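What follows is a short report on a single structure.
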Amino acid sequence: MKLIEISMNDNIEHQEIISSFNELEKLDEITSQLDFEIENRFQKNMYLKIIPELSKRLNNIHNQSYPEKYWEQIIGLEILMHIHHCRDILKKIKKIRDKKYKIKIIKPKNYYIPKNSSDYRLFTQHRDFGHAQLLSIYECEYNNNLIYCDTVYDNSINKINKKKYFKFFSLIKKILTKKTEIIFILIRRILSLFLRYIIKPRLLLVQTIFTNLYYIKLMILSLGKIQILNDLELKDDRSHERIDSISRKKMSKTHSNFNNFEKFFFLTLFHFTPKSWIESYGFKYNKNKSILKKYGNINYVVSESSSEEAHFFLANASNVGIKVLYNEHNFLQQFILGNTIWFHLRNCDKFLSLGWSSISSKKVIPLGSLYQWSTKKKKENIEILFISSVASKKFPLYSAAYGEQGYSKALSYFDMNIKFFSNLENSIISKIYFRGHPHVKKKLYSGYVIDDNLYLNKYLNEFSTVDYSSHNSAVNLISQSKLVIINYLSTPWLQSLVSNVPTIILLNKDVYYVDQSYISFFDLLIKNNIIFTSAASAAQFVNSISDNPNIWWNSKNVQNARSKFLDSNFMVKQQLSKFLVKLSGEIE
């Protein structure tokens with residue numbers, strides 16, 4: 001029998017241990033769209049069943065009687081993620097049994113309890129230890145023939161990345177290269193500090209990512225009734241305090257009427273429930289209460305953040321009658337099978353979309369976005385800009401939006417890229433500025449990402465430039481490019497379309513499943529060679545237009561296709577600022 005050593009040390013120097021654990025991740029498979037729909041429906045139904053139960057348990061633990069919505073706003077996203085992670089590990093366990101693998105497991109005394117929601121995500125998603133711990137919990141409960149190891153969770157990488165290093169020369173360089181941006185930041189912060197002391201806001205922007213210019217405009221146009229709370233800090237130093245075993249037993253208790261999945265899911269909660277939901281909850285609640293009191297009579301809170309700090313704040317704001325508006329984050333997902341819009345609609349009073357309308361929910365208001373989608377056109381120093389995604393071994397929750405995440409989907413993603421590059425002329429490959437995703441090279445994500453070099457090394461050595469830096473933003477590089485090629489559906493493809501730069505998008509239809517109600521969503525873009533579902537065809541088209549892509553891009557049909565798509569889904573002439581200013585002036 002083959003031994004899978006899941007008792008890895010998360011230190012990246014132990015490559016032989018990590019690679020052996022990867023054999024477990026390689027058991028991942030791409031499912032058919034029908035199977036994906038069935039699994040997605042199951043997980044959603046589990047969520048709708050589990051949330052009321054956990055809300056009751058948390059009320060019991062904290063001796064409260066809060067509505068279900070309160071707790072869902074705090075814990076909902078992580079519960080959705082945890083349902084997926086539990087389902088994922090159960091599928092892999094079945095394959096382990098089928099292949100008759102033998103496994104070592106972590107000793108229960110060495111199980112790790114995450115400090116907060118952010119730590120939970122890092123632990124389960126970005127590090128191998130989380131899934132190893134899930135598997136170990138299962139084996140301890142259902143298997144008598146156990147082989148233990150002494151591995152403990154090493155979060156030293158987290159601590160290293162949290163340290164702030166002052167680099168004098170890099171600071172000087174930033175000041176010299178981003179003078180205008182720094183001036184706007186200073187104006188925004190001074191104005192925000194001044195208004196906070198003389199005017200009580202009616203509308204609070206909580207961890208939004210608008211441009212500094214828009215922040216300044218909103219504060220001025222609303223006469224200070226719109227204010228900003230981006231530096232929301234609710235962390236405390238009590239995360240290492242004694243574990244409340246009694247409360248954790250209440251949280252993880254199983255019932256005889258639970259199905260097998262529910263029994264396993266609840267069993268894992270003893271060690272996977274973040275301390276911030278139990279041991280540190282009181283501290284966070286009191287912090288939120290004092291912040292809300294400081295700002296006075298707020299009518300509305302607007303946020304797009306998925307952080308625990310924002311979720312705690314929104315839940316407590318909603319609980320005292322403040323309306324919560326969700327500002328759609330910077331990517332379209334309504335067309336994707338398994339999107340999370342239903343989840344956001346459950347947890348907000350209004351959903352401010354990037355520009356698309358909904359016939360199924362009156363909560364959705366198409367308003368656009370105040371994010372930096374484009375910048376002033378610069379000198380075209382880049383012949384061909386290729387903006388690449390990040391492939392990873394696991395994905396955070398069960399949605400087709402994560403087209404490069406999960407081992408099997410990552411392999412499909414690399415295969416698409418290889419087909420594209422292998423069909424390009426050599427003279428074109430040498431012109432490519434490859435903008436890799438910064439996460440690929442960050443030490444924090446080393447146990448999570450699949451390095452591009454493993455599959456694309458041949459081409460990476462032939463490109464004119466390979467750039468994984470985080471200071472060169474995609475929107476800035478787009479403004480310097482003659483032709484932009486993008487291999488995933490997140491923020492950059494929209495930035496490039498909005499910027500009206502010749503753009504080609506590679507769409508991996510084998511993993512990006514489209515909801516049936518949006519089956520013709522991309523038809524016009526595909527017809528006009530903006531989106532390609534065949535990497536080889538995309539490469540051949542690039543070969544034919546690379547000398548002067550503007551001839552194709554500026555044609556009437558292509559420009560009409562671009563305009564119609566943006567008009568239907570994305571408000572370039574956004575209305576969000578007018579809407580927010582009007583709301584801030586309402587008197588209730």
Side-chain angles (χ1 to χ4, degrees), residues 43-84 116-118 120 203-208 229 232 234 247 250-251 262 265-266 269 273-274 276-278 280-289 291-293 295 297-329 339-353 358 360-365 397 399 583 588:
Q43 293 195 23
K44 182 177 178 180
N45 289 336
M46 280 293 98
Y47 175 87
L48 297 175
K49 184 177 180 181
I50 286 169
I51 281 293
E53 178 64 27
L54 289 180
S55 298
K56 292 175 186 176
R57 295 186 184 199
L58 285 166
N59 271 331
N60 179 263
I61 289 169
H62 297 295
N63 195 26
Q64 298 292 344
S65 57
Y66 294 137
E68 180 184 311
K69 182 181 177 181
Y70 172 83
W71 292 112
E72 183 175 5
Q73 287 174 315
I74 294 174
I75 72 172
L77 185 57
E78 281 66 41
I79 294 304
L80 198 58
M81 291 177 175
H82 197 58
I83 289 170
H84 158 64
N116 49 46
S117 298
S118 177
Y120 166 84
L203 187 151
L204 201 59
L205 302 174
V206 177
Q207 292 188 347
T208 51
L229 183 59
L232 185 61
L234 299 177
S247 294
K250 290 180 180 178
M251 193 72 172
E262 290 170 295
F265 174 88
F266 277 92
L269 292 184
T273 298
S276 54
W277 299 359
I278 296 179
S280 303
Y281 167 80
F283 173 87
K284 288 184 177 288
Y285 173 82
N286 290 329
K287 277 276 191 179
N288 272 287
K289 192 175 178 181
I291 294 171
L292 283 168
K293 185 178 180 180
Y295 280 99
N297 298 320
I298 304 167
N299 293 336
Y300 299 96
V301 173
V302 178
S303 183
E304 61 191 275
S305 177
S306 61
S307 76
E308 180 177 84
E309 288 82 4
H311 289 170
F312 261 89
F313 188 84
L314 298 180
N316 284 283
S318 181
N319 207 38
V320 295
I322 298 170
K323 300 292 184 185
V324 172
L325 311 183
Y326 179 78
N327 183 61
E328 187 170 24
H329 197 54
N339 68 69
T340 56
I341 290 171
W342 65 271
F343 168 79
H344 294 299
L345 289 174
R346 283 176 58 87
N347 291 290
C348 69
D349 295 291
K350 294 293 180 183
F351 184 102
L352 314 182
S353 83
S358 172
S360 60
S361 177
K362 293 181 180 179
K363 284 187 177 183
V364 177
I365 306 174
L397 48 83
S399 169
L583 272 189
E588 292 192 359

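Heavy atoms only: backbone and side chains are in, while hydrogens, waters and symmetry mates are out. Since we're looking at a predicted model, the values are computed, not measured.
- Within the model, atoms OG1 of Thr208 and CG of Leu352 stand 11.5 Å from one another, a figure rounded to the nearest 0.5 Å.
- The main-chain N or O of Gly282 is found under 3.5 Å from a side-chain atom of Asn286 such that the two form a donor-acceptor pair.
- In this structure, the side chains of Gln64 and Tyr285 stay at 4.5 Å or more apart for every pair of heavy atoms.
- Nearest heavy atom pair, residue Ile298 against residue Ile322, reads O-CG1, 3.4 Å.
- In this structure, Ser117 and Ser276 approach most closely via the heavy-atom pair N-OG, 4.0 Å.
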side-chain contact (heavy atoms from CB on, under 4.5 Å) between Phe266 and Glu53, intermediate numbers included: CA-CA 10 Å; Phe266 277 92; Glu53 178 64 27; 3.8 Å; yes

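- Here CG of Leu77 is found 6.5 Å from CG of Leu397. Values are rounded to the nearest 0.5 Å.
- Glu328 meets the salt bridge (charged side-chain N to carboxylate O under 4.0 Å, His left out) test with no other residue; sequence neighbours excluded.
- Between His329 and Glu304 the shortest side-chain heavy-atom distance falls below 4.5 Å.
- Here the shortest heavy-atom pairing between Ala317 and Val301 reads CB-CG2, 4.2 Å.
- Put simply, the side chain of Trp277 reaches to within 4.5 Å of the side chain of Glu308, judged on heavy atoms.
- We find the NE2-OG distance between His311 and Ser305 to be 6.0 Å, quoted to the nearest 0.5 Å.
- Between Met81 and Tyr120 there is a side-chain heavy-atom pair separated by less than 4.5 Å.
- Between Lys363 and Tyr326 the shortest side-chain heavy-atom distance does not fall below 4.5 Å.
- By the side-chain hydrogen bond (donor to acceptor under 3.5 Å, both in side chains) test, Asn316 is found to be paired with Tyr70, residues two or more places apart in sequence or in another chain being considered.
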side-chain contact (heavy atoms from CB on, under 4.5 Å) between Leu583 and Asn299, intermediate numbers included: CA-CA 9 Å; Leu583 272 189; Asn299 293 336; over 6 Å; no

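- With hydrogens and angles disregarded, a donor-acceptor distance shorter than 3.5 Å links the side chain of Ser358 to the backbone of Ser361.
- Atom CG of residue Asn347 and atom CG of residue Leu314 lie 9.0 Å apart, to the nearest 0.5 angstrom.
- Rounded to the nearest 0.5 Å, atoms CZ (Phe313) and OG (Ser307) are 11.5 Å apart.
- Remark: the backbone N or O of Val324 is not paired with any side-chain donor or acceptor of Ser318 at under 3.5 angstrom.
- A tilted orientation is assigned to the rings of Tyr281 and Trp71, their planes being inclined by 30° to 60°.
- Between Asn327 and Leu325, the closest side-chain pair of non-hydrogen atoms is not below 4.5 Å.
- You'll find the side chain of Leu58 reaches within 4.5 Å of the side chain of Ile75, heavy atoms only.
- Considering Ile50, Thr273, Ile74 as possible partners of Ile79, the one that fulfils the side chain to side chain contact (heavy atoms under 4.5 Å, CB included) test is Ile50.
- For Leu229 against Leu204, the heavy-atom pair with the smallest separation is CD2-CD2, 3.9 Å.
- With values rounded to the nearest 0.5 angstrom, Gln207 atom CD is found 9.0 Å from Ser306 atom OG.
- For Asn59 (side chain) and Tyr66 (main-chain N/O), a donor-acceptor pair under 3.5 Å exists by modelled atom type.
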Worked verdict on Glu309 versus Asn116 for side-chain contact (heavy atoms from CB on, under 4.5 Å): CA-CA 10 Å; Glu309 288 82 4; Asn116 49 46; 5.7 Å; no

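- Ile278 approaches His62 most closely through the heavy-atom pair O-CE1, 3.4 Å.
- Between Trp342 and Tyr47, the gap from one ring centroid to the other is short of 6.0 Å.
- Residue pairs meeting the salt bridge (charged side-chain N to carboxylate O under 4.0 Å, His left out) criterion with at least one partner in residues 58-69, sequence neighbours excluded, are Glu68-Arg346, Lys69-Asp349.
- Contact check for Gln43 versus His84: side-chain heavy atoms found under the 4.5 Å cut-off.
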